[in-house]
Structure formats: C-alpha cells, structure tokens
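Following: one structure in structure tokens, then a few remarks.
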Amino acid sequence: MATPELPNAVIADALEELGDLYELDGAIVHRVVAYRSAAKRVREASVSVAALARAGRATELPGIGATLQEKIVTLLDAGTIPAAERLRAKFPPGLIAITRIPGLGPKRARLLQLELGIDSPESLREAALAQRLRGVRGLGPKFEANVLAALQAGAAERAAPRILLPKAIAVGAALIAGLSERARPGTRIELAGSVRRQADSVKDLDLIATTSRPAALAGTLAGLDEIESVSAAGGAGARGRTHAGMTVDLRIAKPSQHGNLLQHFTGSARHNAALREASVRGGLHVSEYGLLEDASGRTRTCATEAELYELLGLAYIEPELREDRGELQAARLDGGAGLPALVRLEDIRGDLHCHTIASDGHNSIEEMAAAARERGYEYLAFTDHSASHGFGNDVSPDQLRRQIELVHRENARIDGIELLAGSEVNILPDGGLDYEDELLAELDWVIASMHTAFAMSEQKMTERMIAAIEHPLVRAIGHPTGRLIARRAPYAIDLDAVFAAAARTGTMLEINGNPDRRDLSDVQARAAARAGATIVIDSDAHRVLTLENMRWGVASARRGWLTAADVANSRSLAQLRELGKQPRK
DNA sequence: GCCGTTTTCGGCCCGACTGTTTTCAGTCG
C-alpha cells in the first residue's frame, strides 16, 4: 500500500466534525451523541482503527456499529465522507466556531444563520455591534452583551485549554484550604471530577462540600484570592473562574447525601450516563441528591459511594476506573467478572529510570540514592542518557564506565537500598543502540528509548522499535510512544506489534510517570498487559523532587486496570531479576 | 447511530442556571 493509513486522531476528528454538522442540521441528540462517543473511542483506541476497519472489525469497539464501520472505510478510501461534504456546504466552519461561545449552541447558531445570515465569528460580531441579535425571537440585549464579551476574550478562536493533573491538584488544594478557613467546623470539602479520576489533564475543577449551611459556604467562593469572578451562585453551590481562566464548580449538599454528591461529581459523564441507564431498567433513578425507587416512590440517600454502588447491585468502583470502559459490567454483583485490585503507590518497591548530573539531571548519585531510600524503595537504577543524546548531556563510553564505578562504589557504601548501574540508551534510526554490546553487558539495567528521528513512517518506526525490543541486553523500553500531553502527538507506530514483541521477548514496557508524558497511556498500558507484556512504572526523575512523579505513573496504571502483579517493580529486586528477559552474566 | 438479563425496534440519565419568557427552550456539566 502506497499511502499510509490515517491515524486514529484524524478519524476521530472526522467523526467529531460529522457529529457537529449533524447537530447543526437538527439531528436528534442521540445520533449526535453517538458520533461523539464513537470519536472518543477511536481517539483513545490502542490499536489502529484504520486497520481494524479495513478488516471489517471496527464494530468490535463499543459505540461503533455497522454504519460507522462503513463510513470509516469510505473515509480511508475516498479521503472524505460524502455526508460531511454535503453538510459542509450548508454549514461553514465559521458557524461551528461560534458554537464554542458559552451560551451559544447549535440551535441558536442555526437560528442566527437562518435569520441574520451569520456564518462566522466576524459576521456575528458585526451583528451584535449593530444590535441586530436582539431582534431574533428568544434573544435579547444580555445575550448580545455576553456574545461580544466572549468574542473579545477569543472564545470562538480556541478551545478552552486543558491543565495537567499536578497543576490542577495544586490549584484545587489552594481553593479547598481557602474555603475551609472560611467554613463552619465540620464542613467537608474535597476534589471530585477528572482530578479525582487522576486523568492526564483536566478542563475544570469540581469541588464538593457537605455542610448544614450551604448558602453561607457558597458565598465564600467569591472571596478567595485565586478566584477572579463568580458567574453563578444558586442554592446548590457556586461557579467561578480562577485568574488563569479555569472554571471552578462548587456543589454543596447535606452530609447524609455525601455519597450521592461525590459519586455524581466524580463522573465521568459517560460512566454516570451508563450507570443511570442501567439503573432505570431496574426501577432506580440516580441523581446527585439520592436514589429514587419507582416501587416505593422513596428517595434514598447514601453517606458513602460504596453504599450507593451496593444499592445498585455493584461492587465499589475506584474513581480511576469510572470511564465507561467495561467497569460497570465487571462490577455487577450478580455475575460480573469482578474488578481488579488496582496497583497502589505503596506497592512500588523501586524506581528503574532516573537521571543524575552525569547527563541532564540536577542531583548526584548520592543525593538521588538517599532520597530513594527515604521514599522506602528497595532499589534504584541510574539511567543517564547515552552517547548520542546531544544537547550537551550525552555520556561517552568512558564516562559511562566511570559512572558504573561510581554507582557500584556508592552501592557498597550505602545501606538499605540496592543501586543499579544502568543507562537510558538511545534507539538509533536503524534500530541499533549507541553503546557497544560489550559495554552494555557491564550494566545492571538497560532501558532503551527514542529521542530523535520521530518523523519516520509507521512501518519503519515499528521495525526500529522491535529491533530494540529484540536486543538481548535491553530490559525495558522507555516512554514507548513519545507523546507529550497537549504538546506533541505520539509518533506513528504499530503498538499491537510492539506489545506482541515485548510479550514474546520478555522486554518490559514503561509507564513513564513524568506528568507531561504518562507514556504508555492508561488504555495503552491496559492493552499491553492484556497482550502479555510486563509493565514497569518509572519516575524518569531528573532531580530528587521529581522521584515523586512515580505517583502519576501509578495513576495511569490504575486507570489502565493494572494490578501489582502486572507491574515489574512491585517485586523485590531478587524477583525482578528472575522476571522477563535474562541479562547476560 | 447504537444496542439488548423486558426490546433486532423503540428506546436511549438527571438536574442547574440563564435569559427570555408569562411557562420554557437552550445550554451546560
């Protein structure tokens, strides 16, 4: 085949656009939701959806049926979907852009197009300035003013930015501290939403509180230093914006409803929708206020989430699993397959990827070793960059020999932790490594990663990666897809083939805990483990402080349904040495 | 458009808030 297949992200974009277009065209909401849901599944699929569709198997993905299977193949063959072509002629991109303005959805966009010929942010601005929007039935001066303010703020040009998880947690903690100071004793305030689910990045912050005096607490949000403005403050809570532009939702309920509220605002939206749909069939209606029973007409409240799930006939579901990826079926107390006992940070017994001042790290061997021991680790591998890393922080063969000596010397000196001399070796474009095998054989631990030449074809990249996986001295592959969250897409690579090769050779695959990476991702790590590959979770620390990044890697592993047994470094060093590929002696 | 422990057809969660209305549609999460 001459032309490469479309990446999942491109197929997902096409489905999302088609959903937007159908929405403007007045399609029923469920059809639109079906397109968006399918787009999400395609985007997060760990395998090539193009290849799946070619084989007629895209319907194996939940949310994709015969119609979309066919439309995806059409997109692959013709480069476009006829229905999208037809609708694009009716609804220009500018019309979709104005639906990004808060309070302006598809119905109003369509109305504005029909009544005033508006088809772009520019024509919308002109009409608003000329006070023509208020002439449309259902719209008034306030709507006009809100539209102008949103256009001024650039709402139509760009989607709201996503914040990486650590930053979101820090902002959330500051808000909770501020609210707690002003709250009555006994008030409980905590983070829910995608932060609690430990997602890679989040769009806004969801805070929940339980108190007997809701209105008083809601009123205090506006007074916090971090809050720029409060846009809504009803009886149930308040909504504000931070100075950095992040939306903050605070919702408040009675202590007896704590479980209901926490479950509702932890989400995800898709988990909740699926949960509620299934519950309705059993005559139960779930909301943030309680559980309405059709039979008795009573609403039952739950102080804890576990109670709520139990009333629904389900085992407790950890927040990280609540993404509608099969957890509801697995959790059924009557015949579900059961949920995994997720790996915990406390299960991690060592870190197998970190850097020192020998390459681009900021601390010495001694400092890193002491900090790792402080964390309770049993072992730590030093994996500075290899000979060709560039940026002035590569380690020549002679320098590596010296580093091995230093690590072994420190290992002899320090008690309570085993230090491994390792390297993060570059995988060269031809699949080779940038140290001689003879030198690699002197190391206790070798992790191999790609740091250059990302623009290769999928086939070449896959061959390159598999060559490294098959190298007898490579124990693990670092950050296997090269993605940087919200900054750089993964390189083109056939992960199915990578997972199979890793399983076959006993080469471990990393979940890199750097919060910019989290690579493998949750769904990829799950697919890798299912394919029989062993996962290693690393911090990739470049200083003492970032040894802490292990927690983000564990978060991804938990979101990927992994147990301690799936994770190599939940084992003792002796057990680890027995695991997977055996290094040469 | 998807999907099935009531269904291969007829369903497809639940509630808050806004701005415009005289009872509600649209939007959002």
Side-chain angles (χ1 to χ4, degrees), chain A residues 15 18-19 22-23 26-39 41 58-59 61-72 83 98-112 133-147 150 160 192-194 202-208 214 218 230-239 247-253 257 260-261 263-292 299 312-313 324 328-329 332-336:
Chain A
L15 296 181
L18 201 44
Y22 276 130
E23 188 175 41
I28 62 159
V29 63
H30 303 109
R31 191 167 169 220
V32 176
V33 166
Y35 272 93
R36 292 187 179 149
S37 157
R41 298 290 188 173
T59 52
L61 294 174
I64 295 194
T67 306
L68 284 182
Q69 151 74 36
E70 202 174 309
K71 282 201 158 104
I72 292 170
I98 68 170
T99 65
R100 281 200 282 269
I101 291 169
L104 207 171
K107 294 229 167 66
R108 284 172 179 163
R110 183 85 177 102
L111 190 65
L112 290 170
L133 302 186
R134 64 184 65 180
V136 178
R137 182 171 171 75
L139 308 181
K142 281 200 172 155
F143 175 78
E144 221 164 54
N146 288 342
V147 162
S194 43
V202 311
K203 185 163 61 57
D204 48 30
L205 284 174
D206 293 301
L207 297 175
I208 70 151
V230 169
S231 61
R239 172 174 301 168
T247 300
V248 178
D249 268 314
L250 170 66
R251 288 292 297 267
I252 306 169
Q257 297 169 314
N260 305 93
L261 186 65
Q263 195 283 326
H264 173 77
F265 277 95
T266 296
S268 64
R270 294 165 51 83
H271 172 87
N272 283 357
L275 177 81
R276 291 168 179 198
E277 275 174 36
S279 302
V280 168
R281 290 196 285 273
L284 298 167
H285 301 268
V286 179
S287 83
E288 58 265 54
Y289 298 113
L291 190 60
L292 171 64
T299 296
L312 297 172
D324 192 26
L328 290 165
Q329 294 81 343
R332 291 175 63 127
L333 294 174
D334 60 336

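Residue numbers begin at 1 in each chain, while the letters A, B, ... track the order of the sequences.
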Task: Toward the 5' end of DNA chain B, by each residue's nearest nucleotide, Phe143(A) or Gly103(A) - done: Phe143(A)

Open item on the list: A side-chain contact here means heavy atoms from C-beta on lying under 4.5 Å apart; do His264(A) and Arg276(A) qualify?
Closed with: yes

Task: Minimum-distance nucleotide to Arg137(A) side chain [options: dC14(B), dC12(B), dT22(B)] - done: dT22(B)

Open item on the list: Using OP1 and OP2 only, check whether a side-chain N or O of His285(A) sits under 4.0 Å from dC14(B).
Closed with: yes

Open item on the list: Mind checking if Val32(A) touches a base, just sugar-phosphate, or nothing, with heavy atoms under 4.0 Å?
Closed with: nothing

Task: Closest to side chain of Val280(A), choosing from dC12(B), dC2(B), dC13(B) - done: dC13(B)

- [ ] Find out whether the Lys NZ or Arg CZ of Arg31(A) is both under 6.0 angstrom from the six-membered ring centre of Tyr22(A) and within 45° of the ring's axis.
- [x] yes

Task: Among dA16(B), dG1(B), dC13(B), the one nearest Arg251(A) by side-chain distance - done: dA16(B)

TODO: Compare the minimum distances between each of dT6(B), dG1(B), dG29(B) and the side chain of Arg281(A), then state the nucleotide with the smallest one.
DONE: dT6(B)

Task: Any side-chain heavy-atom pair of Leu261(A) and Tyr289(A) under 4.5 Å - done: no

- [ ] Using a 4.0 Å heavy-atom cut-off across all strands, classify Arg31(A) as base, sugar-phosphate, or nothing.
- [x] base

Open item on the list: Other residues, nucleotides and ligands only: do more than 12 of their heavy atoms fall within 6.0 Å of CD on Glu288(A)?
Closed with: yes

Task: Separation of atom CZ in Arg36(A) from atom P in dC28(B), rounded to whole Å - done: 10 Å

Open item on the list: Without decimals, in angstroms, what is the distance between Leu112(A) CG and dT27(B) C1'?
Closed with: 14 Å

Task: Selected nucleotide, minimal atom distance to Lys142(A) side chain, candidates dG1(B), dG29(B), dG19(B) - done: dG19(B)

Task: Residue Tyr289(A), side-chain atoms from C-beta onward, closest of dA16(B), dT20(B), dT27(B) - done: dA16(B)

Task: Whole-angstrom distance between dG11(B) and dA16(B), as gauged at atom C1' - done: 26 Å

TODO: Mind calculating the distance between CD (Gln329(A)) and P (dC3(B)) to the nearest angstrom?
DONE: 11 Å

Open item on the list: Quick one, Lys71(A) and Leu18(A) - any side-chain contact, counting heavy atoms below 4.5 Å?
Closed with: yes

- [ ] May I have the distance from Leu328(A) (atom CG) to dC13(B) (atom C1'), rounded to whole angstrom?
- [x] 13 Å

Open item on the list: Which nucleotide wins on minimum distance to the side chain of Pro106(A), given the candidates dT22(B), dC12(B), dT27(B)?
Closed with: dT27(B)

Task: Value in whole Å for how far the C1' atom of dG15(B) lies from CG of Asp249(A) - done: 13 Å

Open item on the list: What's the gap between dG19(B) and dG10(B) when it is taken at their P atoms, as a whole Å value?
Closed with: 41 Å

Task: Sugar-phosphate, base or nothing in reach of Ile101(A), heavy atoms under 4.0 Å - done: sugar-phosphate

- [ ] Could you work out the separation of dT21(B) and dT27(B) based on their P atoms and round it to a whole Å?
- [x] 15 Å

Task: dC2(B) OP1/OP2 closer than 4.0 Å to side-chain N/O of Ser37(A) - done: no

Open item on the list: Nearest whole Å is fine: how far is dG26(B) P from Arg100(A) CZ?
Closed with: 22 Å

Task: Spacing of the C1' atoms in dG1(B) and dT5(B) (rounded, Å) - done: 24 Å

Open item on the list: At 4.0 Å (heavy atoms only), tell me whether Tyr35(A) reaches a base, stays on the sugar-phosphate, or touches nothing.
Closed with: sugar-phosphate

Open item on the list: Within the structure provided, determine whether Val280(A) and Val286(A) are in side-chain contact (heavy-atom separation under 4.5 Å).
Closed with: no

- [ ] Tell me which of Leu139(A) and Ser287(A) sits closer to the 5' end of DNA chain B, going by the nucleotide each one is nearest to.
- [x] Ser287(A)

TODO: Please tell me which of the listed nucleotides, dG15(B), dG26(B), dG29(B), lies nearest to the side chain of Lys107(A)?
DONE: dG26(B)

- [ ] Determine the Euclidean distance between corresponding P atoms of dT18(B) and dC12(B); express it in Å to zero decimal places.
- [x] 29 Å

- [ ] Rounded off to whole Å, could you give me the CG-to-P distance for the Asp206(A) and dA16(B) pair?
- [x] 16 Å

Task: Separation of dC28(B) P from Leu104(A) CG (nearest whole Å) - done: 8 Å

TODO: Kindly label the base of dT7(B) as syn or anti, based on whether its glycosidic torsion lies within 90° of 0.
DONE: syn

Open item on the list: To the nearest 0.5 Å, what is the distance between NE2 on His271(A) and CG on Asp324(A)?
Closed with: 8.5 Å

- [ ] Please state the C1' separation for the pair dT8(B) and dC2(B) - nearest whole angstrom.
- [x] 12 Å

- [ ] Considering just the side-chain nitrogens and oxygens of Asn146(A), establish if one lies under 4.0 Å of OP1 or OP2 belonging to dT18(B).
- [x] no

TODO: Pick the C1' atom in dC17(B) and in dT23(B), then give their distance to the nearest Å.
DONE: 16 Å

